[in-house]
Amino acid sequence: MLSRKGIIPEEYVLTRLAEDPAEPRYRARERRARFVSKNGNCNVAHKNIREQGRFLQDVFTTLVDLKWPHTLLIFTMSFLCSWLLFAMVWWLISFAHGDLAPGEGTAVPCVTSIHSFSSAFLFSIEVQVTIGFGGRMVTEECPLAILILIVQNIVGLMINAIMLGCIFMKTAQAHRRAETLIFSKHAVIAVRHGRLCFMLRVGDLRKSMIISATIRMQVVRKTTSPEGEVVPLHQVDIPMENGVGGNSIFLVAPLIIYHVIDANSPLYDLAPSDLHHHQDLEIIVILEGVVETTGITTQARTSYLADEILWGQRFVPIVAEEDGRYSVDYSKFGNTIKVPTPLCTARQLDEDRSLLDALTLASARGPLRKRSVAVAKTKPKFSISPNSLS
């Protein structure tokens with residue numbers, strides 16, 4: 001009816017009637033699963049581990065790797081269980097010596113002022129925590145009681161050392177320092193020194209430095225060997241370069257780390273049309289160094305998928321000199337600008353250098369043309385002839 005009145009086109013009505021209402025109209029965009037997430041966590045699930053006892057061979061590392069609720073629960077239960085265990089031992093010693101029955105047994109008890117399990121539990125806490133209220137103490141009447149006192153002190157010290165060490169290591173873990181090591185959200189590919197380069201920016205938000213900082217990069221993709229073996233996660237190390245040279249960096253201010261795409265690079269045949277979410281490509285960046293304040297080695301990681309790489313763009317400068325010192329504007333940390341870049345692979349650029357020469361010539365003519373246009377606009381619309389002066 002609406003199509004007859006001309007409100008809705010008839011072609012749209014027929015199209016909507018031909019659609020299946022049960023079929024979803026929009027489909028979610030399929031994207032390659034990350035091997036390393038943007039915040040550095042590894043996207044790997046370990047399943048069907050049969051030898052679970054291997055984790056108990058390194059109890060301390062297992063405790064440190066647990067989540068905080070589980071760690072606090074084990075911390076509390078370790079003290080409670082040890083107190084209850086030794087409280088039962090003290091109660092049995094007093095019961096065997098006859099100290100629990102009033103008016104019976106020897107005149108000197110093994111432990112003074114123990115009349116029930118509650119008092120034995122309180123004495124166990126006083127011994128292990130070394131509170132010493134003064135109401136209960138061990139006498140020289142029972143050598144077994146003296147031996148149990150020594151054993152409980154040793155066990156208490158061991159529990160304190162393990163649990164407090166575990167709490168300290170969890171609070172001072174290396175990945176906590178990595179939270180202030182940041183990477184640019186996108187990577188870029190542009191021409192630098194006449195070669196196509198893969199570039200990213202890395203920075204440190206803290207004033208305390210990362211000593212002996214090194215950075216490396218890997219390309220992870222699915223490959224098949226000539227023999228037909230499928231490698232789902234084939235990792236290839238590729239060299240990274242910076243202003244200093246090599247993999248070592250002096251991370252005082254944000255740096256642009258770049259990789260020259262040459263014949264030895266796995267990105268040699270990467271074209272702008274390949275930078276989409278269906279492309280099987282992931283570039284992992286790993287930054288390692290020693291924390292200056294604690295001396296603990298830390299590691300920060302991130303990754304870039306194919307659709308997170310921007311072709312023909314460059315990072316904007318964020319370091320400026322102000323009042324005799326250098327200032328960093330982190331609000332522009334990930335900002336990029338478009339720059340003239342050949343829309344071809346690095347292989348094609350090496351085979352035909354005229355593409356780069358034509359691009360350089362076009363970029364050089366651009367500002368001159370704009371300047372000439374600006375001069376033409378400011379040209380006066382009138383002139384004074386010599387005849388008028390006479």
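Numbering starts at 1 and runs along the sequence shown.
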Would you please classify the geometry between the W83 ring and the F79 ring as parallel, tilted or perpendicular, with 30° and 60° separating the classes? tilted

Starting from I146, can I reach W90 by hopping between I/L/V/M/F/W/Y residues whose side chains sit under 4.5 Å apart? yes

Non-hydrogen side-chain atoms of T345 and Q348 separated by less than 4.5 Å: yes

Can you find a pair of side-chain heavy atoms, one from D99 and one from C110, that are under 4.5 Å apart? yes

Report yes or no: do L200 and V316 belong to one cluster of Ile/Leu/Val/Met/Phe/Trp/Tyr joined by side chain heavy-atom distances under 4.5 Å? no

Do Q128 and S82 pass the side-chain hydrogen bond (donor to acceptor under 3.5 Å, both in side chains) test, and can you show the C-alpha distance, the side-chain angles, and the key distance before you say yes or no? CA-CA 9 Å; Q128 189 164 330; S82 62; 3.0 Å; yes

Check whether E308 reaches the backbone of L305 with its side chain - one donor and one acceptor, N or O, closer than 3.5 Å. yes

Report yes if some heavy atom in the side chain of Y258 is under 4.5 Å from a heavy atom in the side chain of V188; otherwise report no. no

If we count only N and O atoms by modelled type, under 3.5 Å, do the side chains of T336 and H186 hold a donor and an acceptor together? no

Residues K222, D280: salt bridge by 4.0 Å N-O rule: no

Answer with yes or no whether the hydrophobic clustering places L281 together with I284; edges join I, L, V, M, F, W, Y residues whose side-chain heavy atoms lie under 4.5 Å apart. no

Please examine the side chains of M217 and I283, heavy atoms only from C-beta on, and report whether any two atoms are closer than 4.5 Å. yes

Pair E282, S303 - check side-chain hydrogen bond (donor to acceptor under 3.5 Å, both in side chains), show working. CA-CA 7 Å; E282 182 175 2; S303 68; 3.2 Å; yes

